[in-house]
2 protein chains.
Amino acid sequence: MKKAHEILIRSQLFGGLPQEHITEIEKIAVDKNYNKGDVIFYDGDEGNGFYLIVAGSVSVYKISPDGKEQIFHIVKEGETIGAAPVFSGKSFPANARALSKTHLLFFDRTKFIELISGKPDLTMNILALLSMRLREFTIQVENLSLKEIPGRLASYLLYLSQEQGNRDFVKLNISKLQLSNILGTVPESLSRALGNMKTRKLIEEEGASIRLLNRAELEELAERGKSFG
Amino acid sequence: MKKAHEILIRSQLFGGLPQEHITEIEKIAVDKNYNKGDVIFYDGDEGNGFYLIVAGSVSVYKISPDGKEQIFHIVKEGETIGAAPVFSGKSFPANARALSKTHLLFFDRTKFIELISGKPDLTMNILALLSMRLREFTIQVENLSLKEIPGRLASYLLYLSQEQGNRDFVKLNISKLQLSNILGTVPESLSRALGNMKTRKLIEEEGASIRLLNRAELEELAERGKSFG
DNA sequence: TCGTTTTCTTAACATAAGTCAAGGAAACGC
DNA sequence: GCGTTTCCTTGACTTATGTTAAGAAAACGA
């Protein structure tokens, strides 16, 4: 399919590879389609391969016994899910669920490992990918442990802004329930944090978007982590 | 040096490699020695190489503006620190500090990348290493977000027990301040959680070790995460 | 368009855990 | 061995955030 090819050659994982490698890669890729809410894999499932997202988005998350959800990552076009278990040889450490109609390419573990041998540039791409993911986890742990919810929210808004070209008008793209699950909290607390920011004129809500009114103070809040120091 | 060689060939990173590769690896390794408390690198430093621990132990951690410390990982003999930035090309995302007199081998980024090209078995070792680290981070995020302190403590004690051959008598090896920083809390709260477990006859403290008296309940506490469900 | 369902917000309340303070225990250096 | 420093514990207090409940707003489907 046309779109899958475009996404694939632009992905972090496969970007910059010579045409003959791309052709080989596409030969072992298998199309998979999911509807909103469909589970792609469960925590504990055998990690027999990984997925590249062609269209749609996927939430990688874990649920506590009492039902609270922590989202590790919202994965979008061109990004991968389940890559780590391919190399650690372990099961998936979390669940993955489609957030919308989603088109994936599945890569079988054995075939993929066979394929990468003798392709140092592809291997370096994988190393870079895993390293970046490690870096993101470092930030997530830091946020959960060292910042209170307003600080985490400020960090996330600034991150979103950066992702969207440093504009002051950022689109959320996800529900507030999901956002609260990314931040490691509940919708009520998120709502309060947002309300507080609005009162303090740090932000303005406009539909599903948020306008950053005072970037300096948001940055300080994100940096400080706590309301009072 | 004798010991460095022994550790190196048994490490996850270099274990199982042919002798000629080991020789090459040892050629680019540089000895570094640190005393207790010495900083090995700071958050933000350029990631110009990584370290393999030959003797001693190192804390990888981050500090909030108000001084609270979150330990990401206590790294011991045969393990590595700072590997991810070598491949992501970014700076170190945290600080590293020697917890005791520590002997390290330093591997220069450029030399190491040169060295791995054409060594698929070494590359696979690195992929496995990064993947395992990712898995550990998943658990850490889950613990911080979905479990309260007694649940995190129970998880950690069970993890320690497993690491020490599933014995009921586990050695802490680190100070309680450090333990509290691993669990994402403060010494006072840790002290209370331990006191509570002792009252409930789940554990017994004997010097710097802890005896697990009721594994079943500890496991339930770790699983449930919260005191009341 | 209307009614139903889901999502979001607000308020009152409960509680886990951080903070502050002080004393005791252990480790360390001389 | 003794004094000093660091580490650990305990208690009283504060606070951030989770919980419960209810209503408002928005999204959805017929």
Side-chain angles (χ1 to χ4, degrees), chain A residues 35-37 63-70 99-101 143-154 172-199 203-210 221 224-229, chain B residues 35-37 59 63-71 99-101 143-154 172-199 203-210 221 224-229:
Chain A
N35 288 314
K36 178 177 176 174
I63 296 188
S64 71
D66 59 311
K68 192 181 171 191
E69 179 174 315
Q70 173 66 47
L99 293 177
S100 57
K101 204 166 183 316
N143 283 341
L144 285 172
S145 169
L146 304 178
K147 292 181 189 172
E148 292 173 354
I149 288 165
R152 295 181 215 164
L153 175 56
L172 282 186
N173 291 325
I174 52 173
S175 75
K176 290 190 177 167
L177 171 60
Q178 280 160 6
L179 176 53
S180 68
N181 290 339
I182 290 173
L183 300 179
T185 184
V186 293
E188 292 92 329
S189 293
L190 170 61
S191 207
R192 271 190 292 244
L194 281 168
N196 190 284
M197 283 186 179
K198 281 188 276 191
T199 306
I203 61 166
E204 226 170 54
E205 281 198 86
E206 301 176 28
S209 295
I210 287 175
L221 188 54
R224 190 170 21 139
K226 305 210 169 191
S227 316
F228 299 93
Chain B
N35 289 312
K36 179 176 176 174
S59 171
I63 296 188
S64 71
D66 59 312
K68 192 182 170 191
E69 178 174 316
Q70 173 65 47
I71 296 178
L99 294 178
S100 57
K101 205 168 184 315
N143 284 340
L144 285 172
S145 169
L146 304 178
K147 292 181 190 173
E148 293 172 353
I149 287 165
R152 292 181 217 164
L153 175 56
L172 282 185
N173 292 324
I174 50 173
S175 75
K176 290 190 177 166
L177 171 60
Q178 279 161 6
L179 176 53
S180 69
N181 289 340
I182 290 174
L183 299 179
T185 183
V186 293
E188 293 94 325
S189 294
L190 169 62
S191 206
R192 260 168 232 148
L194 282 169
N196 191 285
M197 283 186 179
K198 281 188 277 189
T199 306
I203 61 165
E204 227 171 55
E205 281 198 88
E206 301 176 28
S209 295
I210 287 175
L221 187 54
R224 189 168 24 135
K226 304 210 170 190
S227 316
F228 299 94

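A, B, ... follow the sequence lines: proteins, then strands. Residue 1 opens every chain.
Look at A:Ser191 and you'll find a side-chain N or O under 4.0 angstrom from OP1 or OP2 of C:dT9. A close approach under 4.0 Å does occur between a side-chain nitrogen or oxygen of A:Lys226 and OP1 or OP2 of C:dT19.
In this structure, the separation between OG on A:Ser189 and CD on A:Glu148 is 11.5 Å, given to the nearest 0.5 Å. From B:Ser59, atom OG reaches atom CD1 of B:Ile71 across 4.0 Å, with rounding to the nearest 0.5 Å. Atom CD1 of B:Ile182 is separated from atom CG of B:Asn143 by 11.5 Å, given to the nearest 0.5 angstrom.
The interatomic distance linking B:Leu183 (CG) with C:dG18 (P) rounds to 10 Å, in whole Å. Rounded to whole Å, the distance from CG on B:Leu99 to C1' on D:dC7 is 16 Å.
Two residues are said to be in side-chain contact when any heavy atoms from C-beta on lie closer than 4.5 Å; A:Lys176 and A:Leu194 meet this criterion. A heavy-atom distance below 4.5 Å is found between the side chains of B:Arg152 and B:Leu144. For the pair B:Leu153/B:Thr185, no side-chain contact is recorded, criterion being any heavy-atom separation below 4.5 Å from C-beta on. The shortest distance between side-chain heavy atoms of B:Ile149 and B:Leu190 does not fall below 4.5 Å. Using a 4.5 Å heavy-atom cutoff, the side chains of B:Ile203 and B:Lys198 are in contact.
For DNA chain C, none of the residues of residues 172-182 of chain B falls under the heavy-atom distance limit of 4.0 Å.
Looking at heavy-atom distances under 4.0 Å, A:Gly184 makes contact with sugar-phosphate atoms alone, never a base. Residue-level contact check: B:Gly207 touches neither bases nor backbone, having no heavy atom under 4.0 Å from any strand. Nucleic acid contact class of A:Ile149 (heavy atoms, under 4.0 Å, all strands): sugar-phosphate only.
Under a 3.5 Å cut-off, the side chain of A:Lys68 and the backbone N or O of A:Gly184 do form a donor-acceptor pair. In this structure a side-chain-to-backbone donor-acceptor pair under 3.5 Å is present from B:Gln70 to B:Asn181.
Along DNA chain C, the nucleotide nearest to A:Gly195 and the one nearest to B:Arg152 differ in position, and the one closer to the 5' end is contacted by A:Gly195.
Here the side chain of A:Asp66 is nearest to one of C:dT10, D:dT19, D:dT17, namely D:dT19. Side chain of B:Thr185, nearest nucleotide from C:dT9, C:dA17, C:dG18: C:dG18.
For the helix from C:dT1-D:dA30 to C:dC30-D:dG1, the axis fitted to the five pairs at one end and the axis fitted to the five pairs at the other end meet at an angle of 60° (nearest 10 degrees).
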Under 3.5 Å, which protein N or O atoms sit close to an N or O of nucleotides 25-30 of chain D? Give each pair with its distance.
none

Could you go through nucleotides 21-25 of chain C and list every protein N or O atom that sits under 3.5 Å from one of its N or O atoms, giving the distance for each pair?
none

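Between the side chain of B:Arg192 and the base of C:dT19, a donor-acceptor pair under 3.5 Å is found.
Applying the side chain to side chain donor-acceptor pair (under 3.5 Å) criterion to A:Glu69, with sequence neighbours excluded, gives A:Arg97. Every residue meeting the side chain to side chain contact (heavy atoms under 4.5 Å, CB included) condition with A:Ser175, not counting sequence neighbours, appears here in chain and number order: A:Leu177, A:Gln178.
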B:Met197 and B:Leu221: CA distance, side-chain angles, deciding distance, side chain to side chain contact (heavy atoms under 4.5 Å, CB included) verdict
CA-CA 10 Å; B:Met197 283 186 179; B:Leu221 187 54; 3.7 Å; yes
